[in-house]
Student: 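Below you'll find the structure I mean.
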Amino acid sequence: MGSETIKTGRLANGEAQKSVHKERRGLSSNGMNGKHENLGSNRAGTSSSGEDYDLMMNTGDVDGNLDGDVEPVFRKARQGDLTFQDIHDNRDFFDEDDEDDSDWEPVQKHVELIKWFCVNCTMVNLGDGVICDLCGEHKDSGILRLGCFASPSSQDAGCSEVESEMKGKNKEMHSQLSASNSLTAIGFDERMLLHSEVQMKSHPHPERSDRLRAIAASLATAGLFPGRCYPISAREITREELQMVHSLEHIQDVELTSHIFSSYFTPDTYANEHSACAARLAAGLCADLASTIFSGWVKNGFAMVRPPGHHAGVREAMGFCLHNNAAVAALAAQAAGAKKVLIVDWDVHHGNGTQEIFDQNKSVLYISLHRHEGGKFYPGTGSANEVGRNGAEGSCVNIPWSRGGVGDNDYIFAFQNLVLPIATEFAPDFTIISAGFDAARGDPLGCCDVTPAGYSRMTDMLYTLTGGKLLVILEGGYNLRSISSSATSVIKVLLGEGPGSELGNIAPSRAGLQTVLEVMKIQMNFWPSLGSSYAKLQSQWGAYCNTRKQIKKRQRTEPPIWWKWGRKRLLYHILVRRLHVKSRGKPSLHSS
């Protein structure tokens with residue numbers, strides 16, 4: 001009867017099996033312990049498991065303690081017909097002890113994914129590592145305390161030695177300085193740090209207050225500011241001054257954000273209740289620096305401001321920008337007496353807002369070097385054909401790079417052959433640099449390769465154009481180490497330090513040379529001084545292309561060296577093998 005019940009349960013795989021299982025689970029624990037004790041005592045004197053079960057079946061304990069359902073299990077065990085299903089159905093009997101064996105089952109643990117954002121480049125990192133996978137910065141580096149002088153691969157606790165060393169160097173430097181060296185003004189106000197994105201999205205916004213903190217830390221560590229540079233007090237720009245650049249509707253839209261906890265002009269251009277004030281402070285600092293420099297109170301200056309401005313147009317805010325600081329500064333310089341103003345924008349993105357404001361103004365020359373890639377790179381404007389309009393053709397010079405990864409050589413080559421010749425012919429009274437450092441090496445958005453030495457070299461080349469009357473305005477740049485080291489190098493040039501080694505023959509990339517030639521061909525119509533340079537570069541381009549064609553032709557007609565070697569070796573083996581076969585087929589003259 002018990003055997004039939006087990007078979008029924010195994011075939012039905014339903015209620016019959018469950019009922020049998022419940023009946024067996026009802027066996028007393030004392031009875032089961034007795035079974036194990038008898039089984040253990042008998043095993044000591046036997047040599048086979050079959051004899052153990054025979055002995056068990058002959059004992060009185062089996063008759064007294066086991067019901068009929070279990071007897072067929074022993075019978076199958078003796079006959080060798082015991083299955084895993086039988087063991088599973090009678091697992092209470094076969095257990096060695098009554099201990100819980102749940103530890104044999106796989107334990108599902110909730111693994112928490114560790115995610116952290118790099119303080120230097122804001123990129124997300126997964127895992128418990130401490131070095132950023134993208135930029136190589138330590139998770140707890142001291143870049144916000146020492147700027148670019150902090151070690152990238154060690155945490156903040158190891159920065160004390162660097163700090164003490166820099167203090168010693170600064171004391172020696174200050175003892176050698178005279179009062180006439182303090183002619184570089186710095187515009188900065190801590191209230192601009194309050195402009196921030198209220199609620200973080202997928203990762204921290206690249207335009208963040210740490211950008212200014214890193215630059216300030218670098219300048220302080222180097223003893224430049226406070227120290228060698230002159231601080232200028234901040235003021236909020238007036239509505240009347242802003243209306244010379246922006247529409248009243250745009251100004252009111254920005255002001256409205258001061259009554260809103262969090263708002264967005266575009267999906268990536270945020271504002272909080274402090275943003276309007278920060279934008280007014282940034283524009284006011286730039287205006288005051290421009291008028292102060294042109295009036296001769298200071299020689300030059302650096303506007304360490306945010307939010308940036310060169311994307312802000314007449315009627316809209318975009319690209320992290322609210323008010324156009326460079327445009328405000330240019331008009332302030334003209335109000336102070338400058339007749340012609342040059343704006344050189346080396347931010348990796350085209351300053352579409354600045355171009356829109358001045359593309360009908362012949363008194364302001366706007367030159368931009370930026371990634372363009374046929375309009376695929378943000379904001380998509382700034383092609384070489386955009387030259388100005390309505391009688392101001394030639395007032396806009398766009399040098400649009402066709403790819404990423406552009407470095408020092410291409411930028412300096414463009415300066416030598418385009419920027420400086422056009423600027424010299426324009427003869428400005430005042431020069432403004434829209435200094436975005438997002439074309440710097442390591443920037444997560446720009447993906448170019450300009451070094452601090454490259455930025456200092458470009459600053460030095462513009463320095464002499466207007467007798468040193470130069471204002472540098474911070475725009476973009478989102479790698480803290482890149483932006484702080486580049487800004488420090490630029491300010492050192494403003495203070496009169498040389499850019500370093502002299503320039504040799506600058507060899508541009510093929511794409512860089514092609515871009516410069518395309519721009520020269522267009523701008524020759526407005527700047528005749530480019531004519532001689534264009535003819536020279538065109539012959540250089542022709543020689544370059546001919547050399548490339550000859551190399552490609554040679555590569556197509558001549559097989560590579562490894563193929564020559566392989567062909568000779570193959571021919572050698574074939575000949576040797578044939579000779580060897582022929583010699584084996586012929587009878588030997590010495591055979592008997």
Side-chain angles (χ1 to χ4, degrees), residues 116-125 129-159 162-163 166 186 188-190 192-197 200-225 268 270 278 282 302-308 319-320 346-349 435-456 472-492:
W116 57 276
F117 298 98
C118 177
V119 66
N120 181 50
C121 67
T122 74
M123 291 297 104
V124 64
N125 290 267
V130 295
I131 301 297
C132 177
D133 295 331
L134 180 64
C135 68
E137 192 79 17
H138 194 280
K139 181 180 180 181
D140 301 315
S141 80
I143 193 165
L144 294 178
R145 188 161 68 89
L146 297 178
C148 60
F149 297 98
S151 172
S153 58
S154 61
Q155 58 185 5
D156 187 29
C159 295
V162 177
E163 193 170 12
M166 291 304 300
I186 299 290
F188 173 70
D189 192 286
E190 289 186 350
M192 292 183 290
L193 301 176
L194 298 176
H195 168 63
S196 62
E197 188 177 38
M200 187 183 76
K201 295 182 179 179
S202 59
H203 64 276
H205 198 285
E207 205 296 286
R208 60 209 190 276
S209 56
D210 284 348
R211 298 170 62 241
L212 295 192
R213 290 191 180 97
I215 295 175
S218 295
L219 298 181
T221 305
L224 303 181
F225 180 76
D268 61 358
Y270 63 82
F302 186 94
M304 192 163 59
V305 296
R306 63 182 292 269
F320 315 160
W346 66 42
D347 190 285
V348 78
H349 304 97
F437 296 109
D438 42 6
R441 178 180 296 172
D443 190 272
L445 299 188
C447 300
C448 285
D449 199 37
V450 182
T451 66
Y455 285 119
S456 63
V472 182
I473 300 176
L474 181 66
E475 297 287 357
Y478 310 104
N479 179 304
L480 299 189
R481 185 166 295 277
S482 299
I483 190 176
S484 58
S485 58
S486 300
T488 302
S489 297
V490 167
I491 292 174
K492 285 182 178 180

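No hydrogens, no waters, no symmetry mates; every other heavy atom, side chains included, goes into these values.
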Student: The criterion is side-chain contact (heavy atoms from CB on, under 4.5 Å); which residues satisfy it with Thr451, sequence neighbours excluded?
Tutor: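 Partners of Thr451 under the side-chain contact (heavy atoms from CB on, under 4.5 Å) test: Asp408, Arg441, Ala453.
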
Student: Just to verify, what does Arg208 make a salt bridge (Lys or Arg N to Asp or Glu O under 4.0 Å) with, not counting sequence neighbours?
Tutor: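 Result, salt bridge (Lys or Arg N to Asp or Glu O under 4.0 Å) vs Arg208: none returned.
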
Student: Which heavy-atom pair separates Ser482 from Ala440 by the least distance, and what is that distance?
Tutor: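 Where Ser482 meets Ala440 most closely, the heavy atoms are CB-CB, 3.8 Å.
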
Student: Tell me every residue that passes ring-ring contact (aromatic ring centres under 6.0 Å, His included) with Phe302, counting only those two or more places apart in sequence or in another chain.
Tutor: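 ring-ring contact (aromatic ring centres under 6.0 Å, His included) check on Phe302 returns nothing, list empty.
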
Student: For the atom pair CG (Asp438) and CG (Asp443), what is the distance rounded to the nearest 0.5 Å?
Tutor: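 Output value for this atom pair is 5.0 Å.
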
Student: State the CD1-CD1 distance between Ile215 and Ile186, to the nearest 0.5 angstrom.
Tutor: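 Separation between the atoms: 10.0 Å.
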
Student: So His195 and Glu207, do their side chains get closer than 4.5 Å, heavy atoms only?
Tutor: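 Yes; the side chains approach each other to less than 4.5 Å.
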
Student: Do the non-hydrogen side-chain atoms of Met123 and Pro444 ever get within less than 4.5 Å of each other?
Tutor: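 Yes; the side chains approach each other to less than 4.5 Å.
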
Student: Can you tell me how far the OG1 atom of Thr122 sits from the CE atom of Met200, to the nearest 0.5 Å?
Tutor: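 Answer for the OG1-CE pair, Thr122 versus Met200, is 10.0 Å.
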
Student: For the ring-ring contact (aromatic ring centres under 6.0 Å, His included) test, which of Tyr270, Tyr478, Phe117 pairs with His205?
Tutor: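 Answer after filtering Tyr270, Tyr478, Phe117: Tyr270.
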
Student: Less than 4.5 Å apart, side chain to side chain, heavy atoms only: is that true for Thr488 and Pro452?
Tutor: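 Heavy-atom side-chain distance check fails, nothing below 4.5 Å.
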
Student: Is the Phe437 ring parallel, tilted or perpendicular to the Trp346 ring (thresholds 30°, 60°)?
Tutor: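 It falls in the tilted class, 30° to 60°.
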
Student: Go through the steps for Ile483 and Leu474 under the test side chain to side chain contact (heavy atoms under 4.5 Å, CB included), then give the verdict.
Tutor: CA-CA 10 Å; Ile483 190 176; Leu474 181 66; 4.0 Å; yes

Student: Would you indicate whether the side-chain heavy atoms of Lys139 and Ile131 approach each other to under 4.5 Å?
Tutor: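 With C-beta onward as the side chain, the pair stays apart.
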
Student: Looking only at heavy atoms, which two atoms of Cys118 and Glu137 are closest? And how far apart?
Tutor: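 Nearest pair, atom of Cys118 first, then Glu137: SG-CB, 4.0 Å.
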
Student: Establish, from distance only, whether the side-chain atoms of Ser209 and Arg213 form a donor-acceptor pair under 3.5 Å.
Tutor: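 There is such a pair (donor and acceptor under 3.5 Å, judged by atom type) between the side chains of Ser209 and Arg213.
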
Student: So, do Leu445 and Pro206 sit near enough that their side-chain heavy atoms are less than 4.5 Å apart?
Tutor: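 Leu445 reaches Pro206 side chain to side chain.
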
Student: Using the rule given for side chain to side chain contact (heavy atoms under 4.5 Å, CB included), can you reason through Met304 versus Leu219, listing the C-alpha separation, both sets of side-chain angles and the distance that settles it, and then say yes or no?
Tutor: CA-CA 11 Å; Met304 192 163 59; Leu219 298 181; 4.2 Å; yes

Student: In the structure I gave you, are the side-chain heavy atoms of Asp140 and Val130 within less than 4.5 Å of one another anywhere?
Tutor: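 SC-SC contact between Asp140 and Val130 ruled out.
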
Student: Once you round to the nearest 0.5 Å, how far does CG of Leu146 lie from OG of Ser484?
Tutor: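 One finds 10.5 Å between CG of Leu146 and OG of Ser484.
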
Student: List the atom of Cys121, the atom of Leu134, and the distance in Å for their closest heavy-atom pair.
Tutor: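 The pair with the smallest heavy-atom distance is SG-CD2, 4.0 Å.
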
Student: Between Ser486 and Tyr455, which heavy-atom pair has the shortest distance, and what is it?
Tutor: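 Scanning both residues, the minimum pair turns out to be OG-CD1, 3.5 Å.
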
Student: Does Arg306 form a side chain to side chain contact (heavy atoms under 4.5 Å, CB included) with Phe320? I'd like the steps, not just the answer.
Tutor: CA-CA 9 Å; Arg306 63 182 292 269; Phe320 315 160; over 6 Å; no

Student: Side chain to side chain contact (heavy atoms under 4.5 Å, CB included), that's the test. Do Leu480 and Leu144 meet it? Break it down for me.
Tutor: CA-CA 9 Å; Leu480 299 189; Leu144 294 178; 3.9 Å; yes

Student: Kindly indicate whether the side chain of Asn479, heavy atoms from C-beta on, has any atom under 4.5 Å from the side chain of Cys135.
Tutor: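 Yes, their side chains come closer than 4.5 Å.
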
Student: State, with a plain yes or no, whether a side-chain heavy atom of Leu193 is found less than 4.5 Å away from one of Leu212.
Tutor: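 Yes, side chains in contact.
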
Student: Taking the side chain from Asn120 and the backbone from Arg481, do they hold a donor-acceptor pair closer than 3.5 Å?
Tutor: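 Confirmed, Asn120 side chain pairs with Arg481 backbone.
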
Student: Mind listing the closest non-hydrogen atom pair of Phe188 and Glu190 along with its distance?
Tutor: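 Phe188 and Glu190 have their closest heavy atoms at CE2-CG, 3.8 Å.
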
Student: Which pair of non-hydrogen atoms, one from Val348 and one from Gly446, has the smallest distance, and what is that distance?
Tutor: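 Heavy-atom minimum between the residues: CG1-CA, 3.8 Å.
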
